[in-house]
Protein chains: 2
Amino acid sequence: MITKMRAKTKLRKKPDKLWSLDEISQFLSQQGIRPSFHRLKVFEYLINERTHPTADEIYEVLKKEIPAISRATVYNNLRLFLEKQIVQLLNVEKNEARYDATLSWHGHFKCLGCGQVYDVGIESLKLSWLDNYQVLEKHLDLKGLCPSCRERNKFKEQEGLNG
Amino acid sequence: MITKMRAKTKLRKKPDKLWSLDEISQFLSQQGIRPSFHRLKVFEYLINERTHPTADEIYEVLKKEIPAISRATVYNNLRLFLEKQIVQLLNVEKNEARYDATLSWHGHFKCLGCGQVYDVGIESLKLSWLDNYQVLEKHLDLKGLCPSCRERNKFKEQEGLNG
DNA sequence: GTTAAATATTATAATGATTACAAAAATGAG
DNA sequence: CTCATTTTTGTAATCATTATAATATTTAAC
Ligand SMILES: [Mn+2]
Ligand SMILES: [Mn+2]
Ligand SMILES: [Zn+2]
Ligand SMILES: [Zn+2]
């Protein structure tokens, strides 16, 4: 009964403690990025929601609180974050750039049913013959169906087995 | 002297034997795809060159031999190949769809210097918590510098170590 | 606190890869 | 050969993103 701790964890999880605007402001300053208001809000969304949003998703959400915000501002700031290397760009799906403020090495799973992008823990990865290659970026991208979408599609799945 | 066979292999390799148009025609027919001439040539390029080309690269090459060919035809046939699942789509780089007729599980390395896309062998990959998820696609995409581009950039690399 | 320079934001135009569309050409069964 | 189906073509449309130039805001100097 003592072993088997750590229950099975959800793949995408909000951070335990949300970042305050003050903390974000400090962090951006440390990184040599001036903490303008819109900029703070874009980063806040990335770091506190962790939903791997597209630029447009961020724009649509922020527009509710800041009706004057421009789509270009969101794109501009995301580009800046990429240059400064405080967020990473995900290309799980073509024509759908998504952004992630988590930089530690992990993979992504996109559900083709609901469209959500989940984090995937990577326990080990062994590659052949990369001596002398300088690896600057690594991306592991999976696609498929999450448990609930799979449940909803059970019928089709079984159909596939026969047909 | 008997051990240590198999010298270090290049990451991207042309197939040992090129496919003839006849063999390709047969293969497409088997897959329920009618082997029109342009279609054959597009697939021939993918299967015999193995350079992970973009649609436009294929178009530019085929145009030399078939001046009347249309860019739309290349796109149409690539889309058909994807639907029929005889090629896979690579999203290593955003806004740069590349196509690969090798379907076995392997990763890709794109050199940021010369732009070439190499195959990477995957010896093992262990993921956490994907029970109940149905994985339909897996992509491992790396970016960096290949040995020769790295050599050419040695100066900059060392600069980075100091500055 | 005014002023001037630097930076950020905005609205809109431009880009570029891909797709949609409709007409023309090629193919194939009968 | 003839008609129906498929393929190809050329062009227009789409859509995410970037470029541009004007306006607004922030910062630092005086
Ligand atoms: Mn992530
Ligand atoms: Mn490959
Ligand atoms: Zn789902
Ligand atoms: Zn290179």
Side-chain angles (χ1 to χ4, degrees), chain A residues 21 24-25 28-29 31-46 52-63 65-84 86-99 110 115 117, chain B residues 21 24-25 28-29 31-46 52-63 65-84 86-99 110 115 117:
Chain A
L21 280 189
I24 295 170
S25 182
L28 291 185
S29 298
Q31 305 295 319
I33 303 173
R34 289 167 55 168
S36 73
F37 180 61
H38 292 177
R39 192 167 285 163
L40 281 174
K41 297 299 287 184
V42 172
F43 193 79
E44 180 189 34
Y45 192 79
L46 287 171
H52 309 98
T54 63
D56 226 59
E57 280 165 29
I58 299 172
Y59 169 68
E60 291 298 339
V61 170
L62 293 189
K63 206 171 49 167
E65 193 185 344
I66 315 166
I69 198 172
S70 157
R71 190 176 261 109
T73 297
V74 176
Y75 277 103
N76 288 343
N77 284 309
L78 289 171
R79 190 141 33 93
L80 177 68
F81 295 158
L82 288 177
E83 280 162 17
K84 297 291 187 175
I86 62 168
V87 307
Q88 63 167 322
L89 176 65
L90 309 186
N91 286 325
V92 184
E93 198 85 80
K94 206 168 77 64
N95 290 338
E96 194 182 82
R98 293 179 173 274
Y99 298 83
K110 167 151 181 170
V117 175
Chain B
L21 280 188
I24 296 170
S25 182
L28 292 184
S29 298
Q31 305 296 319
I33 303 174
R34 291 167 55 168
S36 74
F37 180 62
H38 292 178
R39 192 167 285 165
L40 281 174
K41 298 299 288 183
V42 172
F43 193 78
E44 181 190 33
Y45 191 80
L46 287 171
H52 309 96
T54 62
D56 226 60
E57 280 166 29
I58 299 172
Y59 169 67
E60 291 298 339
V61 170
L62 294 188
K63 205 172 48 170
E65 193 183 343
I66 314 165
I69 199 173
S70 157
R71 189 176 262 109
T73 297
V74 176
Y75 277 104
N76 288 343
N77 283 309
L78 289 171
R79 190 141 33 93
L80 177 67
F81 294 159
L82 288 176
E83 279 163 17
K84 297 290 187 173
I86 62 169
V87 307
Q88 62 167 322
L89 175 65
L90 308 185
N91 286 324
V92 184
E93 200 85 80
K94 206 167 78 63
N95 289 339
E96 195 182 80
R98 293 179 173 274
Y99 299 82
K110 167 153 183 169
V117 175

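Side-chain atoms are counted along with the backbone in the values below, which use heavy atoms only and exclude waters and symmetry mates. To find a chain, count down the sequence lines: A is the first, B the second, and so on, and within it residues start at 1. Since we're looking at a predicted model, the values are computed, not measured.
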Checking side chain to side chain contact (heavy atoms under 4.5 Å, CB included) between A/L46 and each of A/I24, A/I86, A/V87, which is the one that passes? A/V87
Phosphate OP1/OP2 of D/dT17: any A/R71 side-chain N/O under 4.0 Å: no
Taking only the side-chain heavy atoms of B/R39 (C-beta and beyond), determine which of D/dG10, D/dT7, D/dA19 contains the nearest atom. D/dT7
For B/R79 and A/F37, take the nucleotide of DNA chain C holding the closest heavy atom to each; which residue's nucleotide lies nearer the 5' end? A/F37
OP1, OP2 of D/dA16 versus side-chain N and O of A/T54: anything below 4.0 Å? no
At 4.0 Å (heavy atoms only), tell me whether B/N77 reaches a base, stays on the sugar-phosphate, or touches nothing. sugar-phosphate
Identify the residue among A/H38, A/R39, A/K41 that makes a side chain to side chain donor-acceptor pair (under 3.5 Å) with A/N77. A/R39
Given atom CD of A/E93 and atom P of D/dC15, what is their separation to the nearest angstrom? 16 Å
Please report the distance, rounded to the nearest Å, between NZ in B/K94 and C1' in C/dT15. 12 Å
What integer distance in Å separates B/I33:CD1 from D/dT6:P? 14 Å
Which nucleotide in the list D/dT6, C/dA8, D/dA19 gets nearest to the side chain of A/R34? C/dA8
Would you mind reading off the distance between A/L78 atom CG and C/dT9 atom C1', rounded to a whole angstrom? 14 Å
Look at all strands and tell whether B/S36 reaches a base, only sugar-phosphate, or nothing, counting heavy atoms closer than 4.0 Å. sugar-phosphate
Expressed in angstrom and rounded to an integer, what is the separation of A/L90 atom CG from D/dT17 atom C1'? 17 Å
Less than 4.0 Å between a side-chain N and a carboxylate O, is that true for B/R71 and B/E60? yes
Selection from D/dT8, C/dT10, D/dT17 that lies nearest to any side-chain heavy atom of A/N76: C/dT10
Ion pair check, A/K94 and A/E96, cut-off under 4.0 Å: no
Does a side-chain N-to-carboxylate-O contact under 4.0 Å join B/E93 and B/R98? no
To the nearest angstrom, how far is B/Y75 atom OH from D/dT11 atom P? 17 Å
Under 4.0 Å: is that the gap between some side-chain N or O of A/H38 and OP1 or OP2 of D/dT25? no
A/T73 has its side chain closest, among C/dT18, C/dT10, D/dT8, to C/dT10
Between C1' of C/dT10 and OH of A/Y59, the distance in whole Å: 10 Å
Whole-Å distance between C/dA17 C1' and B/N91 CG? 13 Å
Of B/N95 and B/I66, whose nearest nucleotide on DNA chain D comes first from the 5' end? B/I66
